[in-house]
Amino acid sequence: MMETRFAPAERAPETRVLDLHRLLSGIPILGEILRSVPDVLLFLNEHRQIVFANDAAFCFLGMEPTLDLLGDRPGEAFHCVHAKETEGGCGTTEFCQTCGAVQAILAAQRGSPDVKECRIAIQDSWDALDLKISTVPFEFDGEQFTICALQDISDEKRRRALERTFFHDVLNTAGGLRGYTELLLESEPDEMPEVATSVSEISQRLIEEIEAQRSLLAAEADQLSVNLVELRSNEILEELAVVYRRHEVAKGKKIMLAEGSEAVTFLSDHALLSRVLGNMLKNALEATSAGENVAMGARRDADQLEFWVSNPGFMPRDVQLQVFQRSFSTKGQGRGIGTYSIRLLVTRYLHGTVDFASSKEQGTTFRVRLPRDITSV
């Protein structure tokens with residue numbers, strides 16, 4: 001028996017899959033109905049393998065109707081990054097425990113129709129795919145099937161997350177700006193320079209948030225340009241420390257540059273890297289309580305450079321399994337953009353990798369590894 005961390009791993013042999021496909025193909029009215037349905041429809045056997053699919057499914061997958069899809073599980077057909085991590089494939093990894101698609105399929109197999117949303121990160125590109133999946137049990141000629149109807153809601157989820165994140169952050173900053181302008185009107189002459197400085201800083205932050213929104217939209221559309229310049233790791237970190245020490249999320253908290261952090265010269269995009277590391281630092285500060293410290297640093301690793309940001313907080317395992325998904329956030333519905341944008345910018349534009357570790361003993365550390373010479377990648 002193959003090992004699994006969630007759903008059963010066993011599969012039907014190819015001959016059995018083909019027999020079930022022929023059985024369903026022999027229902028004349030079924031083909032007519034399926035051709036008229038715009039949603040992706042998959043028929044699964046008791047092992048969650050595809051035994052029949054409609055034309056919309058092949059169109060969505062960008063392939064001609066073929067028997068090659070038969071025997072795959074949904075995550076394998078949609079090229080989920082976790083589908084090849086175990087011998088059992090789709091549904092058998094620890095990450096699958098939080099997958100709405102597997103949950104909905106298992107519910108239908110128990111006799112209960114279900115509707116769930118699932119988020120799939122695509123192999124190689126790490127593009128995000130958000131799906132709404134509806135499942136119902138189906139019996140024909142003594143055989144048990146699960147019908148899965150899938151709708152691509154990626155644009156809707158992306159737009160909702162971007163809009164809520166953008167309006168939330170911009171309104172917070174604009175509210176702070178209004179408060180300081182009102183204070184400026186009431187200030188004594190000797191107080192005005194200090195208040196005016198705060199107004200200027202908050203105005204700059206507002207501009208940066210608007211620019212960050214524009215950059216993320218361009219990044220997702222593959223329209224973001226990269227401007228390579230020579231940088232020094234310690235200077236980047238010091239710049240961020242200065243900026244975020246004045247940020248409201250740092251109130252009562254200390255930002256530390258780790259002892260032994262290395263000064264490394266490298267080629268990269270200053271604006272994109274600052275946005276990535278700034279997002280990491282902001283996330284760490286938000287997860288840190290008053291009186292606690294956030295540490296960051298850089299180290300050389302052969303021909304690579306690693307940046308890291310640590311905080312004493314701990315992420316529960318179910319959060320860890322979903323942390324890089326576009327629509328997932330611990331800050332409320334529709335806020336899942338921060339860590340997703342980090343991964344998007346690092347992997348697609350800076351040619352690096354990003355990961356993290358979190359434990360109750362060591363806290364949480366996010367790491368970004370970049371090539372020291374991006375032109376050689």
Side-chain angles (χ1 to χ4, degrees), residues 1-25 27 30 34 37 39-58 60-61 63 65-123 129-153 318 321-322 325:
M1 181 177 293
M2 287 189 287
E3 183 180 352
T4 180
R5 303 293 295 274
F6 188 46
E10 285 68 30
R11 297 173 184 261
E14 182 179 351
T15 53
R16 174 65 174 159
V17 170
L18 289 172
D19 287 342
L20 293 176
H21 175 73
R22 295 188 189 100
L23 175 65
L24 294 174
S25 300
I27 310 175
L30 182 62
L34 294 186
V37 176
D39 291 341
V40 172
L41 289 181
L42 303 175
F43 285 68
L44 311 182
N45 66 4
E46 61 181 341
H47 299 292
R48 308 186 311 285
Q49 294 169 276
I50 299 170
V51 294
F52 198 85
N54 68 344
D55 292 346
F58 291 104
F60 185 82
L61 293 170
M63 58 191 297
T66 174
L67 297 181
D68 292 343
L69 196 63
L70 302 184
D72 283 351
R73 289 176 175 151
E76 295 152 6
F78 286 91
H79 306 291
C80 173
V81 292
H82 303 299
K84 295 182 179 180
E85 290 182 355
T86 61
E87 182 185 3
C90 170
T92 65
T93 75
E94 186 181 17
F95 293 92
C96 301
Q97 297 172 15
T98 63
C99 176
V102 183
Q103 293 171 2
I105 293 167
L106 293 177
Q109 289 184 337
R110 294 190 294 267
S112 301
D114 200 3
V115 179
K116 289 279 195 306
E117 291 183 3
C118 73
R119 310 177 188 97
I120 295 176
I122 306 301
Q123 292 169 9
L129 183 64
D130 289 282
L131 299 173
K132 181 179 180 180
I133 177 169
S134 304
T135 59
V136 293
F138 173 67
E139 181 179 354
F140 179 74
D141 199 23
E143 300 288 351
Q144 300 294 328
F145 302 93
T146 299
I147 303 177
C148 300
L150 295 96
Q151 293 177 297
D152 183 4
I153 56 173
D318 63 322
L321 295 174
Q322 304 175 77
Q325 294 178 352

Heavy-atom pair of closest approach, residues I50 and A77: CD1-CB, 3.9 Å
Rounded to the nearest 0.5 Å, what's the gap from CG on D130 to CZ on R119? Could you check? 6.5 Å
Using only atom types and a distance under 3.5 Å, with no angle test, would you say the side chain of R11 pairs donor to acceptor with the backbone of G88? yes
What is the minimum heavy-atom distance between C118 and A101, and which atoms define it? CB-N, 3.5 Å
Closest non-hydrogen atom pair, Q49 against V17: NE2-CG2, 3.9 Å
Residues in salt bridge (charged side-chain N to carboxylate O under 4.0 Å, His left out) with E143, at least two apart? R16
Minimum heavy-atom distance L41-I147, with the two atoms named: CD2-CG2, 4.4 Å
Nearest-0.5 Å distance, CD1 of residue I133 to CD of residue Q103: 10.5 Å
To the nearest 0.5 angstrom, please state how far the CG atom of D39 sits from the CG atom of L150. 8.5 Å
Would you sort out whether L131 and V40 count as a side chain to side chain contact (heavy atoms under 4.5 Å, CB included), showing the intermediate values? CA-CA 10 Å; L131 299 173; V40 172; over 6 Å; no
Distance from I27 atom CD1 to D141 atom CG, nearest 0.5 Å? 8.5 Å
Could you label the plane-to-plane angle of the F43 and F145 rings as parallel, tilted or perpendicular, counting under 30° as parallel and over 60° as perpendicular? perpendicular
Output a table of donor-acceptor pairs, distance under 3.5 Å, between side-chain atoms of residues 18-25 and any protein atom two or more places apart or on a different chain; print 'none' if there are none.
unit_1	atom_1	unit_2	atom_2	d
D19	OD1	R22	NH1	3.1
H21	ND1	V51	O	2.9
H21	NE2	S25	OG	3.4
S25	OG	H21	O	2.7

Which heavy atom of T135 sits nearest a heavy atom of T146, and at what distance? CB-CG2, 4.1 Å
Which residue, E85, R48, R73, forms the side chain to side chain contact (heavy atoms under 4.5 Å, CB included) with C90? R73
I'd like to check the side chain to side chain contact (heavy atoms under 4.5 Å, CB included) partners of K132; sequence neighbours left out, ordered by chain and number. V115, Q151, I153
Set of residues satisfying side chain to side chain donor-acceptor pair (under 3.5 Å) with respect to E94, sequence neighbours excluded: R317
Taking side chain to side chain donor-acceptor pair (under 3.5 Å) as the test, write out the residues that go with D55, two or more places apart. none
If you take all heavy atoms of A83 and G75, which pair is closest and at what distance? CB-O, 3.8 Å
Sequence neighbours excluded and cut-off under 3.5 Å, please list the side-chain donor-acceptor pairs for residues 1-10, or say none.
unit_1	atom_1	unit_2	atom_2	d
T4	OG1	F6	N	3.1
T4	OG1	A7	O	2.4
E10	OE2	M2	N	3.3

Quick check: are there more than 12 heavy atoms from other residues, nucleotides or ligands sitting under 6.0 Å from CD of E14? no
